[in-house]
Amino acid sequence: MKKRIKQFITTILSVLLVISFVLPHQTLAANFEKPILNYVALGDSLAAGYLNDKSRGRGYPEFIKERIESGSSYLVDLQNFGIGGYRTTHVLDDLINPQSPKYQQVREAIKQADIITYDAGANDVLGVIGDVTKFNPNDSELMKQIQAAMITVGDNIDVTLKEIRKINPDAQVYIMGYYNALHFLPNIQDAVLYLIGELNKVIDTVAFYNGATFVPTFEIFNGKYQEYLPNPDIHPTEAGYQAIAGQFANFIIPNLPIVWIFGEGTPSDEKGHPRDKYLDIKNWVVYEKVDLVWQKSYDLKEYEGEQLVGQGSPKVDYGKVGDFYFDQNTNILYVKVDELFWLEIGKSDPIDDNDGGQNGEQPGDSGTGSGGDQTGPQNNEKDGSQNTGSNQGENLNSGNSGTTGEKLEQMNNKANTTNTVKTAGNNQRLKLPNTATNNGLFLLIGMFTITIAGVSYLMYFRRIKREGFE
């Protein structure tokens with residue numbers, strides 16, 4: 001039985017040894033939840049996913065979602081309003097006609113959208129032509145009707161885009177140009193190519209004047225009709241839809257707001273995507289993901305920053321790189337990591353007013369918190385050091401010298417290092433898990449475990465003593 005006691009003690013000591021080495025020193029990788037990108041698709045059967053073999057599948061919006069998620073640090077929430085047979089009039093009606101069954105749903109989706117794709121116009125023209133196998137380009141009256149339909153297409157898209165801008169002026173809008181869907185009519189190819197070119201010119205022009213991006217697809221289909229359009233049908237195969245999605249993604253992904261991540265220590269190359277940025281809050285170094293590797297970009301400790309305070313989140317152009325800012329409303333600490341971006345570090349203890357002056361009001365919109373639908377810092381001109389209104393924060397360290405690194409290190413000792421991902425531009429932010437374990441918490445857990453182990457051992461020892469096995 002003494003052997004059993006020795007085994008018990010050995011087991012307890014082994015457990016405590018593991019606790020003493022692992023828990024107080026454990027660190028976690030910079031792990032984060034991907035921010036959500038709200039994507040709304042408007043359009044006809046191409047968005048809806050009608051396939052070349054006349055079956056139903058996935059349209060190009062589904063593949064755009066996949067491309068974005070695989071090529072960036074975003075998750076995509078897609079709302080696809082594509083309907084087979086839709087013309088520009090139908091898309092517009094859903095947007096402006098309160099009697100439309102989709103009116104409220106479409107407008108609310110657009111209001112929340114980060115990106116919007118649109119394809120419509122081909123059905124307007126095809127409706128005039130009728131049976132394409134009987135299309136006669138020498139019919140002058142028919143050609144006039146087609147030209148009038150194209151003008152209507154331009155007008156409808158123009159009104160649609162203007163209404164979208166009223167609902168959501170910040171959304172990025174991408175409009176698809178058309179490929180040659182009638183390549184299977186060799187005898188009238190000259191007329192077909194002319195009409196497709198004219199339709200694309202109309203769409204491109206309207207997109208340009210409304211701040212939208214025209215996405216051409218004609219060239220990516222040229223020479224690949226056997227793969228993308230093997231049957232005499234205007235709808236692509238799944239491979240064709242993937243090609244369209246790839247073309248959209250080439251425009252969308254480079255324009256997505258940059259995702260900022262922060263953690264302690266050098267980031268792992270397995271994390272993040274190209275264009276992401278990372279702040280090492282242990283050493284105050286900024287990294288950028290180039291291709292598949294994180295590269296050091298600059299060191300915040302080298303900047304002569306200031307300590308600022310106000311009420312509400314800082315406006316995007318307030319302060320300079322290296323400054324940090326304390327929001328008195330939320331006790332959240334921000335660091336300015338580039339000219340147009342404040343990175344939210346997390347909760348901090350209140351900052352003392354070192355110069356004895358009164359706190360200035362928030363250099364941003366008071367009342368804006370860190371909720372998921374907040375638009376983030378807005379533009380504002382930084383002005384002097386005196387507080388003359390609600391557009392200024394206070395410099396709490398104007399009489400002190402020292403680099404940003406020294407000041408940020410002092411502030412970081414107070415900060416709760418809860419990760420935050422924010423996107424440049426609309427500055428949406430999401431709360432993320434801690435990048436390092438709390439040593440104090442693990443010490444408490446370790447002490448609790450030791451206490452339980454000790455009590456268990458004493459109870460065990462007393463029991464076997466009473467039973468005469470000592």
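Excluded from the calculations below are hydrogen atoms, water molecules and symmetry mates; all remaining heavy atoms, backbone and side chain alike, are included. What you are looking at is a predicted structure, and each value in this text was computed from that prediction instead of being measured.
- With hydrogens and angles disregarded, no donor-acceptor distance shorter than 3.5 Å links the side chain of S45 to the backbone of A48.
- Taking CH2 of W284 as the reference point, atom CZ of F262 lies at 8.5 Å (rounded to 0.5 Å).
- Distance alone, capped at 3.5 Å, is enough to place a donor-acceptor pair between the N210 side chain and the V206 backbone.
- With sequence neighbours left out, the side-chain contact (heavy atoms from CB on, under 4.5 Å) criterion links L199 to V125, M150, V153, Y178, I203.
- E219 pairs by the side-chain contact (heavy atoms from CB on, under 4.5 Å) definition with N222, not counting sequence neighbours.
- Listed by chain and residue number, D158 satisfy the salt bridge (charged side-chain N to carboxylate O under 4.0 Å, His left out) test with K162 (two or more places apart in sequence, or in another chain).
- Residues Q79 and F81 have side chains in contact (heavy-atom distance under 4.5 Å, counting atoms from C-beta outward).
- A salt bridge (Lys or Arg N to Asp or Glu O under 4.0 Å) check over residues 289-298, counting only residues at least two apart or in different chains, returns nothing.
- Considering only heavy atoms from C-beta on, P267 stays 4.5 Å or farther from I261 through its side chain.
- Between the side chains of Y39 and T117, at least one donor N or O lies within less than 3.5 Å of an accepting N or O.
- Looking at N168, its side chain does come within 3.5 Å of a backbone N or O of I110 through a donor-acceptor pair.
- Looking only at distances, a side-chain donor or acceptor of K336 sits under 3.5 Å from a matching main-chain atom of Y318.
- Between W342 atom CH2 and D317 atom CG the span is 10.5 Å, to the nearest 0.5 Å.
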Verdict with supporting geometry, E306 and K320, salt bridge (charged side-chain N to carboxylate O under 4.0 Å, His left out): CA-CA 9 Å; E306 298 176 349; K320 61 183 182 296; 3.5 Å; yes
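- Here S70 pairs with nothing under the side-chain contact (heavy atoms from CB on, under 4.5 Å) rule; sequence neighbours left out.
- The backbone N or O of Q112 sits less than 3.5 Å from a side-chain atom of N38, completing a donor-acceptor pair.
- Without hydrogens or angle criteria, D327 side chain to G312 main chain gives a donor-acceptor distance under 3.5 Å.
- For the pair K347 and I332, the minimum side-chain heavy-atom distance is below 4.5 Å.
- In this structure, D233 contributes its side chain and L229 its backbone to no donor-acceptor pair below 3.5 Å.
- Partners of R58 under the salt bridge (charged side-chain N to carboxylate O under 4.0 Å, His left out) rule, at least two apart in sequence or in another chain, are E66.
- A side-chain donor-acceptor contact under 3.5 Å links S73 and H273.
- Applying the ring-ring contact (aromatic ring centres under 6.0 Å, His included) rule to Y179 yields the partners F221; only residues at least two apart in sequence or on another chain are considered.
- Applying the side-chain contact (heavy atoms from CB on, under 4.5 Å) test to I83 and every residue at least two apart in sequence or in another chain returns Y86, K102.
- Annotation: the span from N283 atom CG to L300 atom CG amounts to 11.5 Å, rounded to 0.5 Å.
- To the nearest 0.5 angstrom, N156 atom CG is 11.5 Å from L95 atom CG.
- Applying the salt bridge (charged side-chain N to carboxylate O under 4.0 Å, His left out) rule to K65 yields the partners E69; only residues at least two apart in sequence or on another chain are considered.
- By the 30° and 60° cut-offs, the orientation of the rings of Y298 relative to Y303 is perpendicular.
- For residues 46-72, the set of pairs meeting the ring-ring contact (aromatic ring centres under 6.0 Å, His included) definition, not counting sequence neighbours, comprises Y50-H235, Y60-F248.
- Side-chain atoms of K277 and W260, non-hydrogen and from C-beta on, do get closer than 4.5 Å to each other.
- In Y209, the OH atom is not crowded: 12 or fewer heavy atoms of neighbouring residues, nucleotides or ligands sit closer than 6.0 Å.
- Listed by chain and residue number, N52 satisfy the side chain to side chain donor-acceptor pair (under 3.5 Å) test with N231 (two or more places apart in sequence, or in another chain).
- Interatomic distance, I164 CD1 to L42 CG, rounded to the nearest 0.5 Å: 5.5 Å.
- Here I64 contributes atom CD1 and I253 contributes atom CD1; the two are 10.0 Å apart, rounded to the nearest 0.5 Å.
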From CA spacing to verdict: side-chain contact (heavy atoms from CB on, under 4.5 Å), L279, Y287: CA-CA 6 Å; L279 174 62; Y287 295 82; over 6 Å; no
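- Checked against salt bridge (charged side-chain N to carboxylate O under 4.0 Å, His left out), R67 has no partners two or more places apart in sequence or in another chain.
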